[in-house]
There are 2 protein chains.
Amino acid sequence: MSAKPVSLKTLAAKLELTVGTVSRALNGYADISPATRERVRRAADELGYRPNQNARRLSIGVPETICYQMPRYASSIAQPFVAQLLQGLGEALRKRNWDLLVSHAESSKDEIAQIDRLVRSGRIGGMVISRPLKNDPRIRLMQDLKCPFVVHGRTNSSEGYAWYDIDSEDAFVQSVNHVVGLGHSAIGFIGAPLQLQFAQDRLNGFQRAIVENGLTANPDYIQIADFSDEGGEAATNILLDMDAPPTAIVCVSDTVALGALAAIRERGLVPGQDITVIGYDGLQFGIHANPPLTTMAQPQAHAGRRLGDMLLSIIDGDDPTQHQELQRAHLVRRKTDGPMQNAWVRKFVSVREDSQ
Amino acid sequence: MSAKPVSLKTLAAKLELTVGTVSRALNGYADISPATRERVRRAADELGYRPNQNARRLSIGVPETICYQMPRYASSIAQPFVAQLLQGLGEALRKRNWDLLVSHAESSKDEIAQIDRLVRSGRIGGMVISRPLKNDPRIRLMQDLKCPFVVHGRTNSSEGYAWYDIDSEDAFVQSVNHVVGLGHSAIGFIGAPLQLQFAQDRLNGFQRAIVENGLTANPDYIQIADFSDEGGEAATNILLDMDAPPTAIVCVSDTVALGALAAIRERGLVPGQDITVIGYDGLQFGIHANPPLTTMAQPQAHAGRRLGDMLLSIIDGDDPTQHQELQRAHLVRRKTDGPMQNAWVRKFVSVREDSQ
DNA sequence: CTGAAAGCGCTTACAG
DNA sequence: CTGAAAGCGCTTACAG
């Protein structure tokens with residue numbers, strides 16, 4: 001089906017040179033006379049010659065390709081991440097004319113199998129692993145395979161490999177501090193399944209901040225839910241059904257927070273007035289939420305490019321452990337946070353008192 | 001850095017066979033004795049042998065890789081598309097163990113250059129092109145290159161190549177019909193730049209429906225804006241500032257519709273009561289809009305897999321023109337559409353009449 | 001400065 | 001049934 005591309009051989013024949021010479025001319029070797037170098041380049045341009053990359057890579061022994069394994073558990077709302085990240089990775093790779101492969105697995109086992117196949121078959125020279133579990137078998141595998149990799153996020157031991165992460169523990173401390181500053185002391189947390197390291201980090205931040213602020217920790221205020229808007233909604237309903245419900249809820253993600261807002265509105269309450277809700281991610285659509293979502297925003301834009309650059313450096317021989325980058329999130333106040341004195345429980349409590 | 005992978009040669013040496021024999025055994029050739037076939041397979045498993053794909057592909061002459069070129073002009077809100085599509089494509093390719101490359105270009109010129117490089121360098125055996133322009137140079141290029149491809153969307157002449165598209169002209173007819181059924185006759189349209197074919201299709205559907213419903217077409221009701229929430233907001237402000245503003249607005253996308261909702265709320269009006277707004281895309285996020293966005297939803301989930309299957313079939317020799325698939329969108333009513341009799345202009349007009 | 005040759009790791013007619 | 005060999009299209013010491 002495809003048109004036959006021009007090869008080094010046809011180019012060499014046309015120029016009455018050997019393929020070796022043509023190859024060296026094109027690759028800018030110093031031992032080729034400027035005259036023929038120019039002549040070769042011109043001819044290559046004219047004929048639209050592009051070196052066959054399979055041949056080239058086989059010959060030089062480097063795949064010039066890296067792979068991004070797409071995160072599982074991604075709600076369709078949160079997917080903007082993926083496209084942005086790919087774009088950034090692509091930019092980083094383009095400089096060196098490397099290719100970007102994507103893979104997607106259904107299960108953890110599948111992820112492992114894919115990685116194994118990909119690196120053993122010489123298809124990739126590096127890998128970016130996203131959203132690691134606390135103890136992620138992929139990392140061990142990559143190390144065994146001795147294949148360069150970077151992690152978007154961290155596992156429970158962040159030593160020994162390269163990673164790029166947002167300090168989400170710190171983010172949740174900031175988040176709780178903000179809410180405490182608004183006068184809240186009954187603060188709920190909606191988290192994600194704890195085998196995901198980021199879920200653990202965010203919970204840790206939450207718990208640390210509760211203690212640091214001298215509040216009493218209430219285990220019932222901590223809800224682990226599905227990492228989705230439905231999960232957030234269900235968890236919020238549980239919190240609101242409590243005898244002494246929290247007056248503020250910090251959520252593990254914007255998507256989960258959206259579910260929380262839905263649950264709150266469903267009861268005729270107003271997020272930001274009756275109950276404070278804080279998200280995490282800083283996704284652009286939060287502006288359009290009802291009401292606009294207050295959130296901890298991460299500097300997402302550069303993650304892809306940074307990860308790409310890091311990976312390339314490691315492939316070039318850098319020590320992975322010197323590429324560990326922790327970014328800070330920052331509060332973006334919109335409309336779902338508000339002072340405690342307006343909170344709904346006050347009405348709620350007074351109603352209950354009246355009826356007693 | 002990487003561990004040296006086991007090759008056919010080492011495997012052959014260990015088995016005291018030639019590489020040719022081992023290769024044929026692994027590839028299931030009939031002329032290999034079942035006994036040695038078994039022996040070879042076992043050894044391959046044990047040593048974790050994976051054929052070097054660069055070598056294999058060079059040898060068989062097929063890249064076993066396709067490329068997805070990411071759409072430009074993608075607002076970060078609308079990006080969930082990309083991840084879903086990649087997932088679907090990946091599923092289709094996995095069956096045959098093909099790889100999925102992604103590329104992203106900044107400009108139209110860049111897109112062309114990338115495609116040219118990719119196919120001429122033998123890296124890819126097929127391509128999926130998304131969001132084509134009316135007259136998209138990429139399609140001509142692919143044809144000249146004689147490289148198989150499928151288009152996600154269509155150009156102005158949909159003949160001569162394979163594509164998968166939603167009938168967005170029909171969708172906008174449905175959309176307008178629905179709005180007319182609610183009693184509206186002053187209907188605005190917010191579109192995207194018309195060099196994008198889908199933008200033209202949607203405008204065509206809008207205009208056709210206006211005529212078919214016997215309404216008078218008002219050119220001022222047609223606003224072409226940036227393909228973003230900001231664009232939708234600006235366009236909506238223009239519409240609302242008119243002397244006789246529309247009572248309903250149909251938008252080229254959900255993202256644009258989100259901007260429209262913002263503009264409407266900004267004026268203290270209530271979308272779905274004072275003004276009807278209809279989006280297009282059916283993004284999940286619309287559920288969380290303020291209020292939840294009524295929209296024309298497309299059957300997005302399978303696009304990636306369908307495109308992948310189509311492309312593979314064409315690579316296998318199918319006639320591209322027999323792979324043209326048009327899907328229908330359907331209305332998803334949420335809360336931004338409502339009957340004309342409640343519309344804001346009526347108050348507005350009466351206010352003006354009072355003050356005259 | 002250029003040519004001749006080996007090698008990258010596969011696949012696949014062709015012998016025997 | 002298996003071996004020996006050529007070939008895929010590059011790169012890169014090694015001669016001269």
Side-chain angles (χ1 to χ4, degrees), chain A residues 2-41 43-44 47-65 97 117 119-125, chain B residues 2-41 43-44 47-65 97 117 119-125:
Chain A
S2 313
K4 188 143 191 248
V6 344
S7 70
L8 220 43
K9 196 154 96 183
T10 65
L11 198 54
K14 202 136 303 183
L15 288 163
E16 299 189 304
L17 290 168
T18 60
V19 296
T21 304
V22 174
S23 171
R24 277 171 304 194
L26 256 16
N27 288 324
Y29 276 52
D31 61 357
I32 298 290
S33 82
T36 73
R37 197 181 323 168
E38 207 29 60
R39 198 162 71 90
V40 170
R41 286 203 172 141
L47 301 191
Y49 169 73
R50 311 277 171 171
N52 179 308
Q53 296 293 350
N54 283 322
R56 167 158 208 282
R57 290 165 180 174
L58 173 59
S59 185
I60 65 177
V62 4
E64 296 184 330
T65 301
N97 203 15
R117 213 161 37 73
V119 349
R120 287 197 130 99
S121 67
R123 262 179 294 189
I124 62 168
Chain B
S2 312
K4 187 141 190 251
V6 347
S7 69
L8 220 42
K9 195 153 96 183
T10 65
L11 198 54
K14 199 136 305 183
L15 289 162
E16 299 188 306
L17 290 169
T18 58
V19 296
T21 302
V22 174
S23 170
R24 276 171 306 198
L26 256 16
N27 289 323
Y29 277 51
D31 61 356
I32 299 289
S33 82
T36 74
R37 197 179 325 169
E38 207 29 60
R39 198 162 70 92
V40 170
R41 286 205 171 136
L47 302 190
Y49 168 75
R50 310 279 171 169
N52 178 309
Q53 296 292 350
N54 283 320
R56 166 156 210 282
R57 290 164 181 176
L58 174 59
S59 184
I60 65 176
V62 2
E64 297 185 328
T65 301
N97 204 16
R117 211 160 39 71
V119 348
R120 286 196 131 97
S121 67
R123 260 179 294 188
I124 61 169

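Proteins get letters first, then strands, A, B, ... in listed order; numbering begins at 1 in each.
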Figure out the CG/P separation between A:Leu8 and C:dG3, and round it to whole Å.
13 Å

So, does the side chain of B:Ser33 form a donor-acceptor pair with the base of D:dC1 at under 3.5 Å?
no

Measure the distance from CZ on A:Arg56 to C1' on C:dC8 and round it to the nearest whole Å.
13 Å

Is there a side-chain contact between B:Asn52 and the phosphate of C:dC8, meaning an N or O under 4.0 Å from OP1 or OP2?
no

Under 4.0 Å from OP1 or OP2 of D:dT11: is there any side-chain N or O of A:Asn27 that close?
yes

Touch check for A:Ser23, heavy atoms < 4.0 angstrom, all strands: base, sugar-phosphate only, or nothing?
base

Symbol by symbol from the 5' end, with Watson-Crick or G-U pairs under 3.5 Å, [ ] crossing and | another strand, DNA chain D is |||.||||||||.|||

Between D:dT2, D:dT12, C:dC8, which one does the side chain of A:Tyr29 approach most closely?
D:dT12

Looking at B:Arg117, is its backbone amide N or carbonyl O close enough to the side chain of B:Ser121 to form a donor-acceptor pair, meaning the two atoms are under 3.5 Å apart?
yes

Go through C:dG9, D:dT11, C:dT2 for me and flag the one nearest to the A:Asp31 side chain.
C:dT2

Does C:dG3 have OP1 or OP2 under 4.0 Å away from a side-chain N or O of A:Thr18?
yes

Rounded interatomic separation in angstrom, taking CG from A:Leu26 and C1' from D:dT12:
15 Å

Base, sugar-phosphate, or nothing: which does A:Gly61 touch, judged by heavy atoms less than 4.0 Å apart?
nothing

Can you see if the side chain of B:Thr21 gets near the phosphate of D:dC1 - specifically, an N or O under 4.0 Å from OP1 or OP2?
no

So, does the side chain of B:Arg24 form a donor-acceptor pair with the base of D:dG3 at under 3.5 Å?
yes

OP1, OP2 of D:dT2 versus side-chain N and O of B:Thr36: anything below 4.0 Å?
yes

Counting any heavy atom closer than 4.0 Å, what does A:Leu58 reach on the DNA or RNA strands: base, sugar-phosphate only, or nothing?
base

Among C:dC10, D:dG9, D:dC1, the one nearest A:Ala55 by side-chain distance
D:dG9

Using a cut-off of less than 4.0 Å, is there contact between a side-chain N or O of A:Tyr49 and OP1 or OP2 of D:dC10?
yes

